[in-house]
Number of protein chains: 2
Amino acid sequence: MILLDYKDRRPIYEQIVEKLSDLMVRGVLTENTPLPSVRSLAADLSINPNTVQRAYIELERQGYIYSLKGKGSFVAGMDHITKQKQADILAAFGSAVEKARAAGVTADDLCSEVRRLYAAGNQAQKAVSDHLTISNYGGNADD
Amino acid sequence: MILLDYKDRRPIYEQIVEKLSDLMVRGVLTENTPLPSVRSLAADLSINPNTVQRAYIELERQGYIYSLKGKGSFVAGMDHITKQKQADILAAFGSAVEKARAAGVTADDLCSEVRRLYAAGNQAQKAVSDHLTISNYGGNADD
DNA sequence: CAAACTGTATTAAAACGATTAGTACAGTTG
DNA sequence: CAACTGTACTAATCGTTTTAATACAGTTTG
């Protein structure tokens, strides 16, 4: 399940959006997989259902999920998701690059850093994905 | 002068910290240059002096400036500033890289993006620095 | 010295967003 | 029908940010 970070200054609903969309991109949540219901996720996280709903509304607005009244909320098509998430990520990446460039960091330095992080990250990857693993809900939207 | 972005969800004092430290790293504000007084910057930005003071307190805490009672606030030593800012920037960069890696973006893709942004950014750089230019206050801390 | 600046400190109120609480309605499922 | 689902709405609460209004201490300049 998701873990909330109360040290994070971002609002809870935004953390939920980020963590769930991460799980989709990582392939843990696949197309048409049902998400936990608004009320059950709220209970699991010990937060108000309204907060979860707000996160789901945002996820739907961004194209990560689709919701059916009376049925539930489900992971949207992976093609949309991948495009969306990678666009988000590249935008954030571009912003970080721009700041580094303005601060006098060279392109070579950044590329070295990229490769260093990739080398180091591959070993930590297993632990990270374990930590983010979401319980399997099973079932599909079109049951 | 600085421009505040009210669409930005971050608090005003934090925007001030970021923009002023940016100007220092870019070399627009150099060592011992006096910053606008708490009251005058507040007037320029049409905000409360307390908000500016909070930004200055934070800038001092992070080592970007030093303040002398009755005299004013001044840009700190560039060696401290550069180290501080580059550490901040590399941390943000590393976070962006990690997310991209998790989303399946290759290291080569990121490096290509870096070089593309550097090539494109060099032409936009003049416009950016123009936009961020701060009026010249003249004078030094040790007058 | 006096006026006009500086930074700094403090307390209270106001404003704003995030979150909670409670309720309600509509659709689905068994 | 009972128990789920998403959705909608209003009101209250809470924390942070910002404002407001002073006040005090040090510096500078006429």
Side-chain angles (χ1 to χ4, degrees), chain A residues 2 4-20 32-76 137-143, chain B residues 2 4-20 32-76 137-143:
Chain A
I2 299 176
L4 295 179
D5 178 12
Y6 287 98
K7 287 166 289 186
D8 194 328
R9 292 194 331 174
R10 291 176 310 166
I12 295 176
Y13 75 89
E14 201 170 305
Q15 289 186 45
I16 297 175
V17 168
E18 191 206 33
K19 303 227 169 182
L20 286 183
N32 295 327
T33 299
L35 290 140
S37 77
V38 167
R39 291 172 179 84
S40 72
L41 182 54
D44 280 348
L45 298 179
S46 301
I47 61 177
N48 195 282
N50 292 338
T51 304
V52 175
Q53 193 201 355
R54 183 164 179 180
Y56 279 16
I57 287 174
E58 187 61 17
L59 281 166
E60 185 163 25
R61 196 189 65 78
Q62 294 183 20
Y64 286 109
I65 70 175
Y66 61 94
S67 296
L68 303 177
K69 193 183 292 187
K71 304 191 80 172
S73 298
F74 308 88
V75 177
Y137 303 108
N140 264 14
D142 39 9
D143 277 353
Chain B
I2 300 176
L4 295 179
D5 178 11
Y6 286 98
K7 287 166 291 185
D8 194 327
R9 294 191 328 173
R10 291 175 310 168
I12 294 176
Y13 76 89
E14 203 170 304
Q15 290 187 45
I16 296 175
V17 168
E18 191 207 33
K19 303 228 167 180
L20 286 183
N32 295 328
T33 299
L35 289 134
S37 77
V38 166
R39 293 170 178 84
S40 71
L41 182 54
D44 279 348
L45 298 178
S46 300
I47 61 176
N48 195 284
N50 291 339
T51 305
V52 175
Q53 194 201 354
R54 182 163 180 180
Y56 279 16
I57 288 173
E58 186 61 18
L59 281 166
E60 185 163 23
R61 196 189 64 80
Q62 294 184 18
Y64 285 110
I65 71 176
Y66 61 94
S67 297
L68 304 178
K69 192 183 295 187
K71 305 190 80 171
S73 298
F74 307 89
V75 177
Y137 303 108
N140 264 16
D142 39 7
D143 278 352

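Lettering follows sequence order; numbering is per chain, from 1. Worth saying up front: this structure is predicted, and the values here are computed from it rather than measured.
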- Message: Tell me if a side-chain donor or acceptor on B:Glu58 pairs with a main-chain N or O of B:Val17 at a distance below 3.5 Å.
- Response: no

- Message: On DNA chain D, does the nearest nucleotide to A:Lys69 precede the nearest nucleotide to B:Gly70 from the 5' side, or the other way round? Give the residue.
- Response: A:Lys69

- B:Lys71 NZ - C:dT6 C1' separation (whole Å): 11 Å

- Query: Considering only C:dG7, D:dT18, C:dT19, which nucleotide approaches the side chain of A:Ile12 most closely?
  - Reply: C:dT19

- Query: Can you check the B:Asp8 CG to D:dT16 C1' distance for me, whole Å?
  - Reply: 16 Å

- Would you mind classifying the nucleic acid contact of A:Ile57 as base, sugar-phosphate or nothing, using non-hydrogen atoms under 4.0 angstrom? nothing

- Task: Kindly point out which of C:dT19, D:dT17, D:dT19 is positioned nearest to the side chain of A:Pro11?
- Result: C:dT19

- Task: Would you mind reading off the distance between B:Arg61 atom CZ and C:dT8 atom P, rounded to a whole angstrom?
- Result: 15 Å

- Message: Closest approach to the side chain of B:Thr51, judged atom by atom: which nucleotide of D:dT18, D:dT7, C:dG22 is it?
- Response: D:dT18

- Query: Is a side-chain donor or acceptor of A:Gln53 paired with a backbone partner of A:Val38 at a separation under 3.5 angstrom?
  - Reply: no

- Query: Tell me: CZ of A:Arg39 to C1' of D:dT5, nearest whole Å?
  - Reply: 7 Å

- Item | Whole-Å distance separating the OH atom of A:Tyr66 from the P atom of C:dG27 | 20 Å

- Message: Please report the distance, rounded to the nearest Å, between CZ in A:Arg54 and P in D:dC9.
- Response: 15 Å

- Would you kindly compare B:Gly72 and A:Pro49 by the position of their nearest DNA chain C nucleotide and give the one closer to the 5′ end? B:Gly72

- Query: A:Val38 or A:Arg9: which one's nearest nucleotide on DNA chain D is closer to the 5' end?
  - Reply: A:Val38

- Message: I'd like to know whether B:Tyr56 forms a side-chain contact (heavy atoms from CB on, under 4.5 Å) with B:Leu20, so could you lay out the CA-CA distance, the side-chain angles of the two residues, the decisive distance to 0.1 Å, and finally the verdict.
- Response: CA-CA 10 Å; B:Tyr56 279 16; B:Leu20 286 183; 3.8 Å; yes

- Message: Run A:Leu4 and A:Ile47 through side-chain contact (heavy atoms from CB on, under 4.5 Å) and show every step you take.
- Response: CA-CA 10 Å; A:Leu4 295 179; A:Ile47 61 177; 4.0 Å; yes

- Task: Would you tell me if any nitrogen or oxygen in the side chain of A:Tyr13 comes within less than 4.0 Å of OP1 or OP2 on C:dT19?
- Result: no

- B:Ile47 CD1 to D:dT18 P, straight-line distance once rounded to whole Å: 8 Å

- Which heavy atom in B:Tyr6 sits nearest to a heavy atom in B:Leu45, and how many Å separate them? OH-O, 4.3 Å

- A:Ser67 side chain: which of C:dT8, D:dG6, C:dA9 is closest? D:dG6

- Whole Å only: how far is the CD1 atom of B:Ile16 from the P atom of D:dT17? 13 Å

